[in-house]
Amino acid sequence: MANVLRNSAKFGFSGVLSQLSIHSRHGRECVSPCFSLQQRNSSTSPKIKVDLDNSTGVAVLRMQSPPVNSLSLDFLTEFCINLEKLEMDKSCRGLIITSTLSKVFSAGLDIMEMYGKSPERCGEFWKAVQEMWLKLYGSNMATIAAINGSSPAGGCLMSIGCDYRIMADNPRYSIGLNETQLGIVAPFWFKDTLVNTVGNRAAELSLELGLLYSAPDALKIGLVDQLVPEDQVFSTAQDTMSKWLAVPDHARQITKSMMRKQTIDKLLSNREADITNFVSFITKDSIQRSLRMYLEMLKSRKA
Amino acid sequence: MANVLRNSAKFGFSGVLSQLSIHSRHGRECVSPCFSLQQRNSSTSPKIKVDLDNSTGVAVLRMQSPPVNSLSLDFLTEFCINLEKLEMDKSCRGLIITSTLSKVFSAGLDIMEMYGKSPERCGEFWKAVQEMWLKLYGSNMATIAAINGSSPAGGCLMSIGCDYRIMADNPRYSIGLNETQLGIVAPFWFKDTLVNTVGNRAAELSLELGLLYSAPDALKIGLVDQLVPEDQVFSTAQDTMSKWLAVPDHARQITKSMMRKQTIDKLLSNREADITNFVSFITKDSIQRSLRMYLEMLKSRKA
Amino acid sequence: MANVLRNSAKFGFSGVLSQLSIHSRHGRECVSPCFSLQQRNSSTSPKIKVDLDNSTGVAVLRMQSPPVNSLSLDFLTEFCINLEKLEMDKSCRGLIITSTLSKVFSAGLDIMEMYGKSPERCGEFWKAVQEMWLKLYGSNMATIAAINGSSPAGGCLMSIGCDYRIMADNPRYSIGLNETQLGIVAPFWFKDTLVNTVGNRAAELSLELGLLYSAPDALKIGLVDQLVPEDQVFSTAQDTMSKWLAVPDHARQITKSMMRKQTIDKLLSNREADITNFVSFITKDSIQRSLRMYLEMLKSRKA
C-alpha cells in the first residue's frame, strides 16, 4: 500500500483509483481520487494549450495543468474561453482534446474548489462545470477525446461530452463517473450523458456503485469507442478526425443537435436549480468534514 | 413428452417452459408455465422466511411456498409486509432474495387468483402485484436476486426489480416475461422495467414473442448480470452484497432514485387505471375460458 | 475504380456504397447510393407483387422495380395500398417483405422525386414516405424483412420498420441510414426508429457519420437480427414467421403497440411540420445543385 501511495503521488491519485475502497457507510471517511490536491500554480502560464491547423481545420486542445489536470474554476474558465473561440472560428471544424501529462487525462473536479469555500464561490464553480459540459456536448465541431491516461469523474464527463473516444490500451488507466464512491451524487445531466453513451442498465450499475472501468472494461461497455497503443492515441485521433470531417458539416451538425438537444435543454431549463442543489449539498457539514479528512490524508501521504 | 410432463409435475411447470409451444391463434388452448396450479396450503406456516444478520446489515428473504413459489395474494401480502419491515429497520442495508425450493425461484403470478374470481378480488390481487414491484424497485436497500431456479413471468418481474441478478448456471433454468405466450399482456410497468434492464430492442423481441431465456441466453442479453454454479449462487450473492454495501448508502440511494423515479412515478400516477385495465381484461369470457382449459390440462397431467 | 463503377451500373449503386467517400465539406459534390437514377418504366406492370397464402395466413410482398427498387411516389403509393389491403384482410396475420432483384433489397428514396420538382410535389412525395413508415411500423401483422441485398437509407428505414430482420450473409451487402453522407438529414422519426433498434449511442455514431454497415457489422450492432446464407434468406423468414404466428395475435399486437405507439404518435402529431421542413430543405438551391451534380455523375458513368 505504501508503494501504491508513493506512486500515486507522482501523478495525482488517478493511479490508485481502483485500489481504493470505501468502508464508511456514511461516506465520512471516503477517500477518492476524483478530486485532487494540488498546489495552486502562481505562474500565469496557461493551463491549456490550443493549436489550430488551418490547413486541416482541426484544433488540438492540450490540457497541461500538473499534476493531474484538475478542473478548477480557473481551468474551466480557460477551457470554456478556448472552446468558444474555436466555435466562433469558421475555419475550425474539428477538435481533439488530450493531455500533456503522463498517465492522466484529467482527474476531474478540483476538490479545493469545494472545500471551505463560500456558497457564492461554490455556485460560481458549479456554473463553470455546467458551462464546460454545455459547450462541449453541444459543440458544432466534431470532437474527439484522445484519452491518454486515467479519466475519472469530471474527466470522464469531459470524455463522454465528445463525439468519439479513443483511449490508451493500458489496463492501469481507468475511466468512469465514480462520484458515488465518495458520497457525492452525479447530477442528472452527468447521468443523462452516461445513459446516452452506454445505455440505461450499464449507467445504473456504474453510477450506483461509482464504478471505475479499466480501459479494456470501458471498451466492453461502450464507455470508450476504441483502444489503441498509448503512443498511437493521438495519431489515431487525427486519422479518425479526417473521417468525421469527410461528412458534410451541416448535416452532421443538425444530426448531432437532433441527438443531443433534449438532454442539453433539460439542463438549460434547470440550471439555477441544479446550482442551488449542488451548493446546498456540498456545503453541508458532513460533506465538508469528509473533504477535510480526505485532504488531510492526501497531505500526510505527500509528507 | 410424457416424461417431460412427469418431470414437470415435480416442480410446477417451470421445467417445461421452453418446450411448450402455443398453437392457438386466439390463445384459447394456450398452456403456460407462468401460472401454477397448486393446492392451497391450509397450514398457517409462513410462505416466506426472513433472516436479518445484524452484524452485516444484510437480510435474506427465502421464498418457501411449494411447489413453485406462486405469487398468490397471500404470498404477495406476506412479501410486502416483510419488505416494509426491513425497509423501516435502519440496521438493514441490503436484501438478498432467494428460494428454498428445488429448481424454481418463482413461477410467477398464481393462476388461481385470476380464475373465477370477482372483479373486486382480482383488483385486490393486482394491487398487491403493483405493491410488490413498487416496494422492490424503489427500495432504499441494495437488493440482489439469487436466482437458484426458473423464474418466468412474475418471477422475472421480481428479479428485474432488484439491483443485481445472479443466476444458477443451468441451461434448464429459464427466465423471462413470457406473458404474451399465454395471451396475456405484460402491463407498461413490466415493460418499462424490462426496457430499463435490457434495452428497447431486446425488450421488444422478448415481449412480443413472450420469450423465456435459458440462463446462458439471459446473461447474453443482460437479463441477469452473472451466472455461477448452482451451489455458489447464494455465497456469490453475499460476496456481491458486501461490494454494494461498501458504497456510501445515501449516495447510492439518491442515485438509485434518480435512475428509477420516473418509471415508478409512471405507475403511481396510473395505478387505478392499471388495475381497472387488468380486471376488465382478466374477467373477459375468452380469457376465463383459456384459464379453465389450462387448469383442466394441469389436473389431467397430475392424474 | 472504373471496374467498380461498371459493376455498380448493373445493380444500381448499392454495390459501391462502402467504397464511396465524400470529400466536400458542403456536400455539393457528394455522391451517394441512397438515391438511384433510373429510367421511368413506362409499362404499367406493378412494381410490387403480393402473394397471400391463405393456409398459413402469411403474405409475401416482393419488390420488383428494377434496377434498384427505388422508393418513388408511384412505388410508395403501390406499397401503401398493398399494405392496407393486407391489414384489412382478417386472414392475413404475417407479412414477409423481400426483393426479386439481384443484390439489392431497396436503394431507398428515388432522387428523381426530389430534383427539379415543385414544392407541392415534394410534399406529396414526403407524405408518402411518412405513410409507408406509419403503416409498416404500426402494422398489426407480424412483419419480417428478408433482406436479400443492399438496403441503404430508405431501404434501411423499411427494414427497421419491420418486427424482425434476416439478412443475406454477404459482406458486400450493406445497410444503414447514410443520409448524412449526402448532406441530407434523416428526420427525427428515422432517428427514433433507429434508436429503438440499436440504442442511442450506436444510432448517434451511425447517423452523424452516415454509416453503412456490411451485413456482419449490421448484425454486431443489432441493426439486423440474423444472417443466413443468401439462398436461405427467404426460407428462414418463413420458418421464423411460423414462430411469430405461434404467439396469440391479440397479445402480440397490444404488446407491439405498447412498444411503438409513442414513436408513432410523435410523427402523427408533427406530420405537417415534418413535411414543411423536408420541402424547405430539399428545394434549397444548394441542395438542388448537389442533386444535379450527382445526377450528372451518374449519367456520365452510364455512358
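Atom CG of A:D285 sits in a sparse spot, with 12 or fewer heavy atoms from other residues, nucleotides or ligands closer than 6.0 Å. Heavy atoms from other residues, nucleotides or ligands lying under 6.0 Å from CD of B:Q226 number more than 12. No more than 12 heavy atoms of other residues, nucleotides or ligands lie within 6.0 Å of CD in A:Q262, so this atom counts as exposed by the packing criterion. Atom NZ of B:K135 sits in a crowded spot, with more than 12 heavy atoms from other residues, nucleotides or ligands closer than 6.0 Å.
Inter-residue side-chain proximity for B:M259 and A:V195 is flagged as met; some heavy-atom pair is nearer than 4.5 Å. Counting heavy atoms from C-beta on, the side chains of B:T255 and A:K191 never come closer than 4.5 Å. Residues A:E208 and B:D163 meet the side-chain proximity criterion, which asks for heavy atoms closer than 4.5 Å.
Between atom NZ of residue B:K261 and atom CZ of residue A:F188 there is a gap of 13.5 Å, rounded to the nearest 0.5 Å. In this structure, the separation between CD1 on B:I160 and CZ on A:R201 is 10.5 Å, given to the nearest 0.5 Å.
For A:A186, the part lying near chain B is the backbone, with the side chain staying farther off; criterion is any non-hydrogen pair under 4.5 Å.
Residue with the most contacts toward chain B among A:L209, A:L205, A:L207: A:L209 (heavy-atom pairs, distance under 4.5 Å).
Residue A:T180 comes nearest to B:R252 through the heavy atom pair CG2-N, 3.7 Å, listed as atom of the first residue, atom of the second, then distance.
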